[in-house]
Amino acid sequence: MASQVANNTSTSSLIYGCMGLGGGWDSAPISKEQIQQTHTVIDAALESGITLFDHADIYTLGKAEQVFGTALKERPCLADIIRLQSKCAIRFADQNGPARYDFSKSYLLDAVDHILSRLGVEQLDTLLLHRPDPLMVPEEVAEAVQALQQAGKIRQLGVSNMNGHQMALLQSALNTPIVCNQIEMSLTKLDWLEQSIGTGVSSSLGTIEYCRMHDVSIQAWGSLSQGILTGKDTSSQSQDIQDTAHRVTQLSEKYSVSKEAIVLAWLMRHPANINPVIGTTNPARIAACAQAKDIELSRADWYLLFESARGQQVP
């Protein structure tokens, strides 16, 4: 049952991350231009075979969800085509306290109601807990999740930025499987991979293995490294970054695809079936990313990029 549910999170190999929608991180109202941008992004994603859209309640202070919800209201037919996930539990500093994480039952229930209201939908396909809360009481989270599922407000539960031990602890209290984990992973963020070859012990130790053993879909945020390997000026970057960008260019020519495709294909070559999250609002770059689905890097080329990115050959 768990694997069947988990696979529902990743029918498209790429995920569109909506953090760039809705304008700035301020209180300015959404504009007609931002609504049109959202329509353009949705169309570009769908044309590239991307059907899963990733939100968080904090993205542009809620405006990313609001502008997306406006687009959905204008095109109700999209409800049968796309899938929606959103994240909650990060709280900014306010009159009640400093910046913090909040897995309390009352906060989770309230946060989901606000997410659904902004998106203008009755149910999320998946709710993700955004960052681990050190004060998490697993049984309390389980109560919130059960209430949300029974009310039909969420279908599935996922997490973000959790390690394997944290997932195991939370799962022990749940009566529903954790179906996905969204982690920072890229050619410039390698700690998840270094631990697998015994060269680093970090908070990510065992996370990939846990996900693979328990059919937890892995979503990679930050997968494009903010474009530093695919066209941005690298003259002020480290030699490792410059060398890796050069390797990416060489391989894009070898495989006759975009540089973005090479960077993403490197993640997707891993047997954990990683689903990269992309956030560009440029339709041409969305299409360039989608080319990653059409290639599979050879083992030699995968290790060539790994070696370049880590700055030395594997031990």
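Keep in mind that what you see is a predicted model, and the values were worked out from it rather than measured. Worth knowing before you read on, the calculation uses all heavy atoms, side chains too, and leaves out hydrogens, waters and symmetry mates.
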Do [X] and [Y] get their side chains close enough for a donor-acceptor pair, meaning under 3.5 Å?
X	Y	value
T176	Q149	yes
H130	Q182	no
D301	Y255	yes
T126	Q156	yes
R118	S86	no
S104	D102	yes
Q312	D240	no
H246	Q242	no
N161	W221	yes

Kindly check if the number of other-residue, nucleotide or ligand heavy atoms within 6.0 Å of CD (Q250) is above 12? yes
Over 12 foreign heavy atoms within 6.0 Å of CD, Q239: yes
Identify whether [X] and [Y] are in the same connected component of the hydrophobic contact network (ILVMFWY, side-chain heavy atoms under 4.5 Å).
X	Y	result
V137	L170	no
F92	F103	no
Y59	L108	no
L190	V314	yes
L304	I262	no

The test is side chain to side chain contact (heavy atoms under 4.5 Å, CB included); show your working for L119 and H55 and say whether it passes. CA-CA 10 Å; L119 287 170; H55 286 273; 3.9 Å; yes
Pairwise side-chain contact, [X] with [Y], heavy-atom cut-off 4.5 Å (strictly under):
X	Y	value
V121	F68	no
L129	V141	yes
L14	L264	yes
P132	Y101	no
W302	E296	no
T281	Q37	yes
M19	D54	no
E65	H114	no

Is the W266 ring parallel, tilted or perpendicular to the F306 ring (thresholds 30°, 60°)? tilted
Look up atom [atom1] in [X] and atom [atom2] in [Y], then write down how far apart they are to the nearest 0.5 Å.
X	Y	atom1	atom2	value
K232	I241	NZ	CD1	12.0 Å
I58	I90	CD1	CD1	4.0 Å
R269	L305	CZ	CG	12.0 Å
I295	K254	CD1	NZ	10.5 Å
M185	D191	CE	CG	9.0 Å
L84	F53	CG	CZ	8.0 Å

Do side-chain atoms of [X] reach the backbone of [Y] as a donor and acceptor pair under 3.5 angstrom?
X	Y	value
S31	Q34	yes
S160	R131	no
T234	Q237	no
N181	M162	yes
Q150	A147	no
S256	S252	no
T60	G62	no
H214	V216	no

Which residue is it: T51, V41, I286? I am looking for the one with a side-chain contact (heavy atoms from CB on, under 4.5 Å) to L46. T51
For [X] and [Y], which heavy atoms make the closest approach, and how far apart are they?
X	Y	value
A220	L267	CB-CD1, 4.0 Å
I178	Q171	N-OE1, 2.8 Å
T188	S225	OG1-OG, 2.6 Å
R91	D94	NH2-OD2, 4.0 Å
V257	Q291	CA-OE1, 3.2 Å
A288	E260	CB-OE1, 3.8 Å

From CA spacing to verdict: side chain to side chain contact (heavy atoms under 4.5 Å, CB included), I218, I183: CA-CA 7 Å; I218 300 174; I183 312 166; 4.3 Å; yes
If we check side-chain hydrogen bond (donor to acceptor under 3.5 Å, both in side chains) with N275, which of these qualifies: S223, S13, S217? S217
Using side chain to side chain contact (heavy atoms under 4.5 Å, CB included), reason through R75 and D43 one step at a time and then give a plain yes or no. CA-CA 11 Å; R75 296 164 65 186; D43 288 338; 2.7 Å; yes
For D125 and Q85: C-alpha separation, side-chain torsions, deciding distance, then whether side chain to side chain donor-acceptor pair (under 3.5 Å) applies. CA-CA 6 Å; D125 288 289; Q85 65 180 37; over 6 Å; no
With the threshold set at 4.0 Å, does a side-chain nitrogen-carboxylate oxygen contact exist between [X] and [Y]?
X	Y	value
K105	E143	yes
R310	E194	yes
D26	K63	yes
K153	D113	yes
R100	D133	no

Cation-aromatic face contact R212/Y210, 6.0 Å, 45 degrees: no
Please determine whether side chain to side chain contact (heavy atoms under 4.5 Å, CB included) holds for the pair M167 and C211, giving the CA-CA distance in whole Å, both sets of side-chain angles, and the decisive distance to 0.1 Å. CA-CA 9 Å; M167 282 188 286; C211 290; 3.6 Å; yes
